[in-house]
Amino acid sequence: MTNSVTRHDAWNAGDSYDSYMGRWSRAIAPRFLDWLGAPDDQNWLDVGCGTGALSASILAQCQPRSLIAVDSSAGFLERARAATPHERAFFQVGDAQDLPLETASRDITVSALVLNFVHDKETMLAEMKRVTRPGGSVGLYVWDYPGGGVAFMRAFWAAAASLDAAAGDLAENKRFPYCTPDGLTALATNAGLASIACAPLEIATVFEDFDDLWRPFTLGAGPAPGYCATLSTDARERLKQALYDMLPHRDDGSIHLAARAWAIKARVA
Ligand SMILES: C[S@@+](CC[C@H](N)C(=O)[O-])C[C@H]1O[C@@H](n2cnc3c(N)ncnc32)[C@H](O)[C@@H]1O
């Protein structure tokens with residue numbers, strides 16, 4: 001399997017992640033939990049919790065008996081821990097491909113926007129299944145990269161590719177082709193999961209002005225900001241202008257776009 005993690009995937013700075021994607025992952029997490037429809041009083045695991053967007057929603061919406069949140073980045077975990085103080089929540093460093101948990105020890109194992117950044121996706125799903133008890137649930141979601149479902153990201157890469165042909169190969173739609181209903185269902189099937197369902201999750205992404213959209217691309221967390229960080233000042237200014245020209249601006253300067261993720265849920269037989 002090819003390694004989809006490149007030098008452009010900078011995952012360490014919680015602040016910059018929050019202003020780039022974290023604000024949208026916080027908006028989409030409650031939609032996922034509504035769709036998952038899990039009962040109260042369950043033992044949850046959040047794999048790749050990052051700065052805690054899904055963990056916070058689980059604690060707010062699902063009355064968990066306990067929540068363990070695992071991430072490979074100590075910096076992100078520190079931020080999640082500080083943002084989500086809760087007596088039933090435990091945050092620990094760990095790899096999604098080798099989860100530091102006992103077999104069949106969790107009722108519900110979920111993961112938000114992580115699968116595409118993990119080297120061995122099949123092992124990640126097999127691990128999520130392993131740590132979930134028989135009869136329990138596994139669920140995850142990823143942005144709809146292949147369908148261009150994250151409109152501001154699609155616009156960024158279109159602008160980048162208009163100036164730098166090599167940028168097109170770094171765009172998430174090329175790198176994460178399995179982020180589709182068929183791709184995710186196949187991964188879940190191969191992991192031995194049962195009763196697999198898939199659905200789109202959609203949110204509005206409204207930017208108060210162009211700077212609100214552009215600034216997070218200059219901060220360095222994630223593939224597009226990572227690419228931006230490699231550019232000279234002049235090249236970055238050209239990219240900024242090309243992106244500005246491409247976007248729909250309302251009279252008040254705001255930019256209204258949308259983002260879609262694909263979610264799957266399944267049962268452990
Ligand atoms: C896009 S962020 C998503 C964070 C959070 N789940 C959310 O919804 O905002 C991807 C996260 O996956 C984590 N990650 C990447 N590879 C990982 C791995 N092999 N094991 C555990 N976490 C991983 C990163 O550290 C990062 O926090």
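Atoms within each ligand, like the ligands themselves, are counted from 1 in listed order.
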Shortest heavy-atom approach to atom 27 (O) of ligand 1 - which of Asp46, Leu113, Asp71, Val118: Asp71

Just jot down the ligand 1 atoms closer than 4.0 angstrom to any heavy atom of Gly94, in number order. 20 (N), 21 (C)

Has Met21 got any heavy atom lying under 4.0 angstrom from an atom of ligand 1? no

Backbone, side chain, both or neither: what part of Gln97 comes under 4.0 angstrom of ligand 1, heavy atoms only? side chain

Side chains of Arg130 and Thr103 only: does a donor on one sit below 3.5 Å from an acceptor on the other? yes

So is Ser72 polar-close to ligand 1, meaning N/O to N/O under 3.5 Å? yes

Between Trp24 and Phe207, ring centroids under 6.0 Å: yes

Just let me know how Cys49 lines up against ligand 1, side chain, backbone, both or neither, with a heavy-atom cut-off below 4.0 Å. backbone

Is the contact between Ala53 and ligand 1 made by the side chain, the backbone, both, or neither, using heavy atoms and a 4.0 Å cut-off? side chain

Find the distance between OG (Ser66) and CZ (Arg106) and round it off to the nearest 0.5 Å. 3.5 Å

Just jot down the ligand 1 atoms closer than 4.0 angstrom to any heavy atom of Asp95, in number order. 18 (C), 19 (N), 20 (N)

Measure centre to centre between the rings of Tyr227 and Trp157, then say whether the value is under 6.0 Å. yes

Do Tyr244 and His249 have ring centroids that are under 6.0 Å from one another? yes

Is the ring pair Phe210/Trp214 parallel, tilted or perpendicular, if the boundaries are 30 and 60 degrees? parallel

Ser25: numbered ligand 1 atoms lying under 4.0 Å from its heavy atoms: 7 (C), 8 (O), 9 (O)

Salt bridge check: are Arg23 and Asp212 linked by an N-O gap of less than 4.0 Å? yes

Relative to the heavy atoms of Ser73, which atoms of ligand 1 are at a distance of less than 4.0 Å? 25 (O)

Polar atom proximity, Val70 to ligand 1 (N or O, under 3.5 Å): no

Taking everything shown except Lys265 itself, do over 12 heavy atoms lie less than 6.0 Å from its NZ? yes

